[in-house]
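Owing to the predicted nature of the structure, the values given are computational and were not obtained by experimental measurement. Index from 1, following the sequence.
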Amino acid sequence: MDYRYQIFLAVANNLSFTKAAQELYISQPAVTRHIRELENTLGLALFNRKGNRITLTAAGEIVYRFAQKTHVLYDELQYELGTLKQTFSGSLRLGASSTISQYVIPEVIAAFHTRYPDIEVSLINGNSFEMEQKLQENRIDLAMVENYSSKTDLQYVDFSDDEIVVIAGHTCKFGRNVNGTLAELQHIPLVVRERGSGTLEVIEQYLKSAGYPLDRLNVILHLGSTEAIKNFLPRFNGIGLVSVNAIQKEIQLNTLKIIPVKGLNIKRKFRFAYPKGPLTGNVKYFVDFVRNYNMAL
C-alpha cells in the first residue's frame, strides 16, 4: 500500500497531524508534506483546515472509504503470500476494552510478537461500546470486549472467562463483614465504572436479574477506569465492583481485598468482535493464537 495513503489513513483516523505523526513515529512536517503531495497528485483537497482542527472534505471522505478497503486487501495479500513463504507480515489494528487492554491481553500480544515479529501490531483501548464503534468504522481490525450486548452487524466469539467481585480498601470497615449479602450492599457507598463500560453493563444486568437494580444501590461515583477505582478505594470507606483480573497485584500487596457477598456471582466472557464473515489475514492468525494461548486468568 502506498505510504502516502497509510499516512492519510492515520491523519483521517485521528483527525490530527500531530497524533498521526506520533502513531507513525515520523515528524509532523513529514506528515504534512506527504498529505500535500497526495492532494497535489489527486488535484483535490482532502482536509478542511480551521486553526488546529481538521475535518475530511467530500473528496477526503471518498478517499478514506477506498483507502480503508485497500488497507484490508493489502493485509489479505500479505497473509496469502505469507502462507506460501511461511513468513508473515503486514499490520494488525487491535482495540480492547479497558480491563482487557490493561490486565489480560498485553502478555498475549508480547507472545504473538515473538511468534510473528514482522506483523506490526497496534492496540488502542476504551470502553466496549467505543471499541465496537471503531470496528464498525473500520478504524480497527478486531475488537476485544467485555459487555453482554451485541451489535447485529458484528459477530462475537468467547476467548476467556472473567468474574466481577466486590473489593474494598484493606482498612475499610465494611470489609470486616465476610458474610455480607446483596441486601446489605444497598446501604454501602459504592463506586462503579462509567456509562458505556462493559463492566457496568454486566453489573447492571446481573443486579437487575437478582432483584437489586443499580439505582437502588448507594452509588456515589462513576469513574472512568478500573485503575481510577483501585486508586480511589484505599482512601474511601466504601466498596467497588471490578474484574478479578484487575486486582491480582493489589491482593498480593494487601492494599485491596475481595469481600465475599452471599448471592453475588457475576461471571462473564471476554469476547472477540469482528465484522460478519470468515476470519482472514492477520486477524485470523491472532484469534487462532489467542485461542491456543494458555492464559492464567
**OP:** Verify side chain to side chain contact (heavy atoms under 4.5 Å, CB included) between Q205 and I266, making sure each step is shown before the conclusion.
**Re:** CA-CA 10 Å; Q205 290 196 24; I266 310 179; over 6 Å; no

Subject >> Audit row: Y103, T226, side chain to side chain contact (heavy atoms under 4.5 Å, CB included) steps and yes/no >> reply: CA-CA 10 Å; Y103 311 111; T226 298; 3.9 Å; yes

**OP:** Please test E194 against N127 for side chain to side chain contact (heavy atoms under 4.5 Å, CB included), starting from the C-alpha separation and ending with a verdict.
**Re:** CA-CA 9 Å; E194 82 287 359; N127 62 45; 3.5 Å; yes

Subject >> side chain to side chain contact (heavy atoms under 4.5 Å, CB included) assessment of N282 paired with S91 >> reply: CA-CA 7 Å; N282 291 335; S91 63; 5.7 Å; no

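For the pair Q68 and E137, the tightest heavy-atom approach, listed with the atom from each and the gap, is NE2-O, 2.8 Å. Summarising the geometry of L135 relative to A143, their closest heavy-atom pair is CD2-CB, 4.1 Å, with the distance given to 0.1 Å. Smallest separation of non-hydrogen atoms from K257 and H170: NZ-O, 2.9 Å. Closest approach of G238 and C172 over heavy atoms only: O-SG, 3.5 Å. Of all heavy-atom pairs between N125 and S101, the closest is CB-OG, 3.2 Å.
Both I259 and Y212 belong to a common hydrophobic cluster when Ile, Leu, Val, Met, Phe, Trp and Tyr are linked at side-chain heavy-atom distances under 4.5 angstrom. Hydrophobic clustering of Ile, Leu, Val, Met, Phe, Trp and Tyr side chains at less than 4.5 Å, counting indirect connections, unites V31 with V63. Using a 4.5 Å cut-off between side-chain heavy atoms of Ile, Leu, Val, Met, Phe, Trp and Tyr, with links allowed through other members, V242 and V244 fall into the same hydrophobic cluster. Grouping the Ile, Leu, Val, Met, Phe, Trp and Tyr side chains by contacts below 4.5 angstrom, directly or via other members, places Y156 apart from L279. If you chain together hydrophobic residues whose side chains sit under 4.5 Å apart, L15 and I140 never meet in one group.
Counting only N and O atoms by type, the side chains of R271 and S160 include no donor and acceptor under 3.5 Å apart. No donor-acceptor contact under 3.5 angstrom links the side chains of D141 and Y274, judged on distance only.
Ring planes of F8 and Y5: perpendicular class, angle over 60° (limits at 30 and 60°).
T18 is linked by a side chain to side chain contact (heavy atoms under 4.5 Å, CB included) to S16, Q22, Q28, counting only residues two or more places apart in sequence or in another chain. S128 pairs by the side chain to side chain contact (heavy atoms under 4.5 Å, CB included) definition with S97, V145, E146, N147, not counting sequence neighbours. Residues passing the side-chain hydrogen bond (donor to acceptor under 3.5 Å, both in side chains) test with S27, sequence neighbours excluded: none. R49 meets the side chain to side chain contact (heavy atoms under 4.5 Å, CB included) test with F17, I35, E39, F47, I54; sequence neighbours excluded. Among residues two or more places apart in sequence or in another chain, the side chain to side chain contact (heavy atoms under 4.5 Å, CB included) test is passed with Q136 by K151, D153, L154.
If you take CG on D118 and OH on Y116, they are separated by 12.0 Å, rounding to the nearest 0.5 Å. Going from atom CG of N14 over to atom CG of L24 covers 8.5 Å, rounded to the nearest 0.5 Å. Taking CD1 of I239 as the reference point, atom CD1 of I258 lies at 13.0 Å (rounded to 0.5 Å). How far CG of D162 is from OG of S243: 3.5 Å, rounded to the nearest 0.5 Å. Put simply, CE on M144 and CZ on F286 are 4.5 Å apart, with the number rounded to the nearest 0.5 Å. The distance from the CZ atom of R65 to the CG atom of L56 is 11.5 Å, given to the nearest 0.5 Å.
Just one residue in the list N265, L264, I203 forms a side chain to side chain contact (heavy atoms under 4.5 Å, CB included) with I164, and that residue is I203. Looking at E201, H222, E204 one by one, the single match for side chain to side chain donor-acceptor pair (under 3.5 Å) with R195 turns out to be E204. Applying side chain to side chain contact (heavy atoms under 4.5 Å, CB included) to L190 and the options I220, L241, L221, N218 leaves one that passes, L241.
Two residues are said to be in side-chain contact when any heavy atoms from C-beta on lie closer than 4.5 Å; L182 and K262 fail this criterion. Annotation: side chain of P275 is not in contact with side chain of Q155 (no heavy-atom distance under 4.5 Å). In this structure, the side chains of R4 and E37 come closer than 4.5 Å at one or more pairs of heavy atoms. L233 is listed as a side-chain neighbour of L256, based on a closest heavy-atom distance under 4.5 Å. Side-chain contact between L44 and T57 is absent, with no heavy-atom pair separated by less than 4.5 Å. Within the 4.5 Å cutoff, the side chain of F270 has no heavy atoms near those of the D161 side chain. For the pair N292 and V290, the minimum side-chain heavy-atom distance is 4.5 Å or more. No side-chain heavy atom of L223 sits less than 4.5 Å from a side-chain heavy atom of R193.
Dense packing is recorded around OH of Y148, with more than 12 heavy atoms of other residues, nucleotides or ligands lying under 6.0 Å away. Heavy-atom contacts from other residues, nucleotides or ligands closer than 6.0 Å to CD of Q186 number more than 12.
The backbone N or O of F66 lies less than 3.5 Å from a partner atom in the side chain of T70, making a donor-acceptor pair. In this structure a side-chain-to-backbone donor-acceptor pair under 3.5 Å is missing from Q102 to T99. In this structure, T114 contributes its side chain and A110 its backbone to a donor-acceptor pair below 3.5 Å. A donor-acceptor pair under 3.5 Å is absent between the side-chain atoms of K50 and the main chain of T55, judged by distance alone.
Applying the salt bridge (charged side-chain N to carboxylate O under 4.0 Å, His left out) test to every pair with at least one member in residues 213-238, sequence neighbours left out, gives these pairs: E227-K230, K230-E250.
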